[in-house]
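Structure record follows, encoded as structure tokens.
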Number of protein chains: 2
Amino acid sequence: MAGTKRKPADKGAARKSLYNKVAHDLGQRIVRGDYKPGALLPNEAECGQFYKVSRTAVREAVKMLSAKGLIQSRPKIGSRVEPRNAWNLLDRDVLSWYCTTVDFQRFANDVQQIRMMIEPEAAALAALHRTAGQFVEIEAAYQAMAEAVGDEAAWNAADVRFHLAVLNASGNEFIPPFGRVIESLLANLFSVTVAHLRNRMKVLPLHLAILEAIRTKKPDRARDAVRKLLQTTQKTIDEGGKLNSAGKPRARKAGAKTKR
Amino acid sequence: MAGTKRKPADKGAARKSLYNKVAHDLGQRIVRGDYKPGALLPNEAECGQFYKVSRTAVREAVKMLSAKGLIQSRPKIGSRVEPRNAWNLLDRDVLSWYCTTVDFQRFANDVQQIRMMIEPEAAALAALHRTAGQFVEIEAAYQAMAEAVGDEAAWNAADVRFHLAVLNASGNEFIPPFGRVIESLLANLFSVTVAHLRNRMKVLPLHLAILEAIRTKKPDRARDAVRKLLQTTQKTIDEGGKLNSAGKPRARKAGAKTKR
DNA sequence: GAAAACTCATTTGTCTGATGATTGAACTGC
DNA sequence: GCAGTTCAATCATCAGACAAATGAGTTTTC
């Protein structure tokens with residue numbers, strides 16, 4: 001382990017607490033592949049020395065990473081990186097680290113595949129089981145989209161809100177966790193494609209169709225409406241891909257929030 | 001918060017480290033609803049006093065729970081329980097806590113719904129994209145099932161292994177995380193239904209059909225084969241439900257491993 | 001010579017006690 | 001009545017110590 005030279009990297013950011021910074025940096029290194037599954041992290045004392053923090057802070061970071069399935073610690077052994085399929089890839093943080101390291105086209109394709117599996121059915125379920133309150137939230141999200149057609153950031157937030165609201169209304173608690181993936185995709189789509197006003201005008205009625213199908217409790221119609229919307233999104237991705245395929249590095253920062 | 005009387009509960013178990021025990025107990029309480037979303041946990045000092053451990057151990061537990069999305073801690077405020085849709089329900093621990101608190105029929109229905117969305121498509125993708133190594137693992141799992149027809153525990157392990165192998169072979173990294181839900185269902189199904197030998201003889205060829213479809217790279221056939229298998233599983237669940245509907249409490253212990 | 005028992009060093013696990021940072025709420029002054 | 005200030009509660013961080021677990025090397029035993 002003597003030759004393990006790690007550079008400070010971008011561990012700065014606006015992260016508040018030390019253990020958060022350490023967890024973020026270590027997590028990113030792991031997901032990025034600096035430490036591959038099966039490899040050992042430096043021991044807690046070394047890490048503390050490297051990050052210039054106490055062992056306590058390192059330990060809290062390590063505990064967080066182990067809670068996300070990235071590592072496992074044992075006395076005398078150390079912290080070993082877990083195999084990828086043990087990772088909680090749907091965790092907010094892990095996901096954000098993941099999509100800074102993966103080729104955007106691949107990321108977008110995988111996400112779209114899974115959206116195609118889940119979202120149409122989720123909408124159908126929502127049409128069947130939604131409560132009044134859940135529908136109100138969907139409606140409010142749609143309203144927010146309609147009002148934000150001219151404001152890119154606000155529109156995107158409302159878009160995410162809409163999709164999450166539909167997932168929530170499905171009544172199946174295992175569905176909303178997927179929302180984070182959608183959220184992540186849309187956030188990155190935002191920065192990759194030139195989101196035309198024209199495009200927004202085109203997809204708004206598609207969202208309305210979903211809302212209407214859920215309002216009138218027509219599962220089949222809801223399913224179809226979502227499928228149609230997803231096809232449009234796919235086109236947007238493909239165009240963006242073509243635009244960006246001119247040798248640009250496509251890995252995008254994900255958690256870049258400017259507000260707050 | 002003065003009236004918050006918490007009893008020691010079953011925090012015992014065979015959990016090794018203190019912070020693990022504390023995390024497990026607190027996590028279970030949160031998921032169970034003892035602390036509802038928006039509520040505050042007792043502060044770290046109080047928790048330490050209650051569990052008879054140092055503040056350090058409590059903090060590490062708290063960090064783990066916050067990494068799983070169950071709580072969020074801030075100075076001067078304390079640790080507040082997050083809304084349910086922030087929870088990493090697909091995390092192994094959270095899932096195990098969840099299914100000890102939820103009605104089994106509802107749990108099984110939700111899981112089957114999501115399996116119906118994902119597994120057929122995952123198998124189809126596996127038929128298209130699986131590598132040789134991934135297929136070998138599927139085959140090995142099938143072999144293990146065939147050899148374990150007489151051994152309930154071994155058969156169940158092999159069954160899970162088979163399904164996970166298929167998900168892995170899909171080539172889409174967002175799919176395997178669902179495996180944990182399947183795993184959890186099958187583990188609980190095991191304890192709820194009387195798993196007949198006859199039943200195992202019936203589903204074994206259904207698994208073979210999936211394997212064959214993936215071997216010969218026929219996505220449509222793979223999809224259909226999985227659908228057929230899932231319908232059979234559904235029947236098993238329904239029968240189990242009928243058996244257990246005679247007023248028995250249906251919440252099952254999940255992590256109840258006797259082996260090891 | 002091989003297997004079993006023992007020793008040892010390394011790493012995480014746990015505790016104690018103290019100080020810093022953050023922030024909601026109470027208080028004070030105009 | 002409002003703005004700014006002070007205060008207190010809680011988490012955040014640190015240092016230093018000792019305990020427990022365990023893989024690897026060493027010795028013992030047959």
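Just so it is clear, the values below take in all heavy atoms, side chains as well, and ignore hydrogens, waters and symmetry mates. From a predicted model like this one, the values you see are computed outputs, not experimental measurements. Reminder, nothing fancy here: chain letters follow the sequence lines and each chain counts from 1.
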Side chain of [X] - closest among [options]:
{"X": "A:K76", "options": "C:dT14, D:dT22, D:dC14", "answer": "D:dT22"}
{"X": "B:S54", "options": "C:dT14, D:dT13, D:dC11", "answer": "C:dT14"}
{"X": "B:S73", "options": "C:dC15, C:dT12, D:dC11", "answer": "D:dC11"}

Starting from [atom2] on [N], measure out to [atom1] on [X] and report it in whole angstrom.
{"X": "A:K16", "N": "C:dT23", "atom1": "NZ", "atom2": "P", "value": "10 Å"}
{"X": "B:I71", "N": "D:dT10", "atom1": "CD1", "atom2": "P", "value": "15 Å"}
{"X": "A:E44", "N": "D:dC14", "atom1": "CD", "atom2": "C1'", "value": "15 Å"}
{"X": "A:N43", "N": "C:dA9", "atom1": "CG", "atom2": "P", "value": "17 Å"}
{"X": "B:R80", "N": "C:dT23", "atom1": "CZ", "atom2": "P", "value": "14 Å"}
{"X": "A:Q72", "N": "D:dA21", "atom1": "CD", "atom2": "C1'", "value": "14 Å"}
{"X": "A:L40", "N": "D:dG23", "atom1": "CG", "atom2": "P", "value": "12 Å"}
{"X": "A:I77", "N": "C:dT12", "atom1": "CD1", "atom2": "C1'", "value": "10 Å"}

> Going through the distances and angles, do B:N156 and B:R200 end up as a side chain to side chain donor-acceptor pair (under 3.5 Å)?
Replying inline: CA-CA 10 Å; B:N156 252 61; B:R200 294 202 281 276; over 6 Å; no
> For A:N20 and A:P75, take the nucleotide of DNA chain D holding the closest heavy atom to each; which residue's nucleotide lies nearer the 5' end?
Replying inline: A:N20
> For DNA chain D, which residues in residues 56-68 of chain A have a heavy atom at a distance below 4.0 Å?
Replying inline: A:T56, A:A57
>> For a quick check, tell me whether the side chain of B:R74 and the base of D:dA12 share a donor-acceptor pair closer than 3.5 Å.
In response: no
> Is there a donor and acceptor pair closer than 3.5 Å between the side chain of B:R55 and the base of C:dG17?
Replying inline: no
>> Looking only at side-chain N and O atoms, does B:N20 offer a donor or acceptor that is under 3.5 Å from a partner on B:H24?
In response: no
> Does a side-chain N or O from A:Y19 land closer than 4.0 Å to OP1 or OP2 of D:dA12, or not?
Replying inline: yes
>> Less than 6.0 angstrom from the centroid, inside 45 degrees of the normal: does B:K63 satisfy that with respect to the ring of A:Y19?
In response: yes
>> List the residues meeting side chain to side chain contact (heavy atoms under 4.5 Å, CB included) with A:D110, not counting sequence neighbours, and say none if there are none.
In response: A:R106, A:Q113, B:N172, B:F174
> Hey, what's the ring geometry for A:F107 with A:Y98, parallel, tilted or perpendicular (30° and 60° as the breaks)?
Replying inline: tilted
>> Regarding B:R29 and B:D25, does a basic nitrogen lie under 4.0 Å from an acidic carboxylate oxygen?
In response: yes
> Taking the side chain as C-beta and beyond, is there a heavy-atom pair between A:M64 and A:D93 under 4.5 Å?
Replying inline: no
